[in-house]
Structure formats: C-alpha cells, structure tokens
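First up is the structure itself, then whatever we jot down about it.
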Amino acid sequence: VTGVMRLPLLGFIPDHADDPLLNGSPMMSVRNSPASMTAESFRQIRGRLAASASDRPIQTLLVASFSPGGGASTVASNLANSIAISDMKVLLVDANFYRPTMQSVYPFVPEVGLADVLAGRVILDQAISQSPEVPALHVLGCGSRSKLPTELTDHRAFPDILAQMKTQFDMVIFDGAPLTFVADSINLASRVDGVIAVLRAGMITRGTVGRIREQLRQVRANLIGIVLNAAQTYSAGYFRQNYRTFFEYAGSGTPEVKPSDKSLPGA
C-alpha cells in the first residue's frame, strides 16, 4: 500500500482470531474490549485521523471498503465510538442501502432513516437516535430506499441535509457501500471532507486499488488513507512484531493463539 501504491496507511486491524482479548462484537471493540489490540488499533487510527486534519479540518467522513466484505462497517462503527468516547458529538450514518448494518448492531435505531429523510417522509431529528451507553454517539440508519429512485448524493435534498448534520454534530461518519460496487460511495466521496478506504488483507489486487484511487482522484475526493483489515498479526513479520510488542507492553505476555482465516465482519 505505502510502497507500491504510494497511499498513506492509517493503520491495520488484526484478524480477530489473533486477538485473545477481543470479546463480543468486533463492531464495538473499543467499548467492549478496550484493552485489546484491536481497540488500540482503532485508537491509533483516530489519532492519525486527527493529525491529518490539522491543516484541513475534517467534519464529514466517508468510510468505505474497496470491495464487498472489506470491513468498512466495523471500522466506521469503532471509529465513531472512539471519537464519541472523547466527548465529541458524533453522528454515524448508515449510507449502504444495499447491505445495511447499523440497525442490527444498534437496536435503538428506528426503522426510518436517511432514505426517509431524503424522501421527505420524516425530518432529520426524527430519524436520529442517541446511544444510551455513549451519549455523544448518535446513529442514523439507512431507512427504506424503495421510494428513493436516484442515487444518494444526486437527490435534491441531500446538500441541505448534509449542511444540517454539520450544524448539529462535531463529526459525521458515513458507512458507505463498497467503492467497486456502486456509484453511491464514489459520488459521496466528492461531497465529504475526507475518505478512509478499507482494504481487506490478501483479498484485492493492486490493479483494483489503482482504479479506485483514480476514480476518487477524478471526483477530487480527499483520500486520507487506507486501513488494512484482517491482518494476520500472529504469523506475519512486521505485524507479528507489533503483536508481540503490544502484549508485552500491556503486561499480559505473548498469548499462544493459532492464526485462522476468520476476519472482522462488515460491508
């Protein structure tokens, strides 16, 4: 990623089978497993995101995978939680109408969502729900797209709704559809302040990465960096060293775990 493609690497997320301290859903590891290597990886990504915004403020952010199953929903959810824990008011938006995730992760999210707001069936405040566990975290589901024939950002109401989100929240994070799959995410990338692309380790070619990078460049999207997901930290050189160093520093020694082909879920 960094050497061949010349793209910044914001961080890597270990394969969850390599993290013995990870409990519960990986979608909320920063809350459920704060001492895990996975949670620490998300905190590092949050820090690097903040550093990258020092010259160019980032209030709206798109998180999208290069391809289906990359883990963007996991990254978006944990990033939103980690920022909200630091007392910034965050809105997490499920903008993946093809494979929505947030309603199953956050049971307090209502049936109505972004599509209903765009269609004028409800106002924005009626579709947004506040997390009972983390008051600074708010979630907007995708809603029903059946009556929304146009693409997300092509809808005439979208600019006004985005502006309204920015006035109410310190950070707005969109969980988008895969960049290789539909036009929604590429179009949305041109409307937000920054884009984080999620790359699942070993599952995509250099050519595909190059094509997506060029598409983002054509719409003048601000690609902040790449998150490498499902990295096998236990068995692979650089990541293995990080793995050992983390657990030694944490005082728990180096656990004996066996690597597997399991990885973080998410669209």
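In terms of modelled atom types and a separation under 3.5 Å, the side chain of D94 and the main chain of T101 share a donor-acceptor contact. Not a single donor-acceptor pair under 3.5 Å links the side chain of S77 to the backbone N or O of M28. Looking at R43, its side chain does come within 3.5 Å of a backbone N or O of P34 through a donor-acceptor pair. Side chain of S36 to main chain of A39: a donor-acceptor pair is present (N/O by atom type, distance under 3.5 Å, no hydrogens or angles). Without hydrogens or angle criteria, D116 side chain to R121 main chain gives no donor-acceptor distance under 3.5 Å. Counting only distance, with no hydrogens or angles, the side chain of S82 and the backbone of N78 share a donor-acceptor pair below 3.5 Å.
Between L92 and F174 there is no side-chain heavy-atom pair separated by less than 4.5 Å. Side-chain contact between V139 and V109 is present, with heavy atoms from C-beta onward closer than 4.5 Å. In this structure, the side chains of P159 and R191 come closer than 4.5 Å at one or more pairs of heavy atoms. Between Q59 and F169 there is no side-chain heavy-atom pair separated by less than 4.5 Å. Using a 4.5 Å heavy-atom threshold, the side chains of S129 and Y106 count as separate. Between R46 and I83, some side-chain heavy-atom pair lies under the 4.5 Å cut-off. Residues L49 and L61 have side chains in contact (heavy-atom distance under 4.5 Å, counting atoms from C-beta outward). In this structure, I173 and V90 have side chains that are in contact, with non-hydrogen atoms separated by less than 4.5 Å.
The distance from atom CG of L118 to atom CG of D160, rounded to the nearest 0.5 Å, is 10.5 Å. One distance of note links CG of L22 with OG of S29; it measures 6.0 Å at 0.5 Å rounding. Taking NZ from K89 and CG from D87, the interatomic distance works out to 13.0 Å, rounded to the nearest 0.5 Å. A distance of 9.5 Å separates OG1 in T180 from CZ in F66, rounded to the nearest 0.5 Å. To the nearest 0.5 Å, atoms CG (L188) and CG (N96) are separated by 11.0 Å. Going from atom CG of N32 over to atom CG of N23 covers 8.0 Å, rounded to the nearest 0.5 Å.
Hydrophobic clustering keeps V117 apart from I123 (ILVMFWY residues linked when any side-chain heavy atoms are closer than 4.5 Å, directly or through intermediates). Residues V219 and L162 share a hydrophobic cluster, clusters being chains of Ile/Leu/Val/Met/Phe/Trp/Tyr side chains in contact below 4.5 Å. Under the 4.5 Å side-chain heavy-atom criterion for ILVMFWY residues, a single connected hydrophobic cluster contains both F108 and V134.
Here the closest heavy-atom approach between residue A80 and residue L137 is recorded as CB-CD1, 3.9 Å. Of all heavy-atom pairs between A197 and L179, the closest is CB-CD1, 4.2 Å. Contact record, A35 with L21: O-CD1, 3.5 Å, taken as the closest heavy-atom pair. Between S185 and G176, the closest heavy-atom pair is OG-C, 3.6 Å. Contact between G71 and N229 at its shortest, heavy atoms only, is CA-ND2, 3.6 Å. I58 and M171 get closest at one heavy-atom pair: O-CE, 3.4 Å.
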Evaluate side chain to side chain contact (heavy atoms under 4.5 Å, CB included) for V195 paired with N222, printing each intermediate quantity in order. CA-CA 6 Å; V195 179; N222 176 27; 6.0 Å; no
Side chain to side chain contact (heavy atoms under 4.5 Å, CB included) between I13 and F42: does it pass, once the steps are laid out? CA-CA 7 Å; I13 309 302; F42 283 117; 3.6 Å; yes
Trace of the side chain to side chain contact (heavy atoms under 4.5 Å, CB included) decision for D175 with V93: CA-CA 6 Å; D175 172 30; V93 183; over 6 Å; no
Evaluate side chain to side chain contact (heavy atoms under 4.5 Å, CB included) for H155 paired with I161, printing each intermediate quantity in order. CA-CA 10 Å; H155 198 282; I161 292 172; over 6 Å; no
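Taking E111 as the reference, nothing meets the side-chain hydrogen bond (donor to acceptor under 3.5 Å, both in side chains) condition, with sequence neighbours excluded.
We find that R211 and E214 are not joined by a salt bridge, their nearest charged nitrogen and carboxylate oxygen being 4.0 Å or further apart.
When only modelled atom types and interatomic distance are considered, R31 and N81 share a side-chain donor-acceptor pair under 3.5 Å.
Here the options are L10, L79, V63, L199, the test is side chain to side chain contact (heavy atoms under 4.5 Å, CB included), and the partner is V227; only L10 passes.
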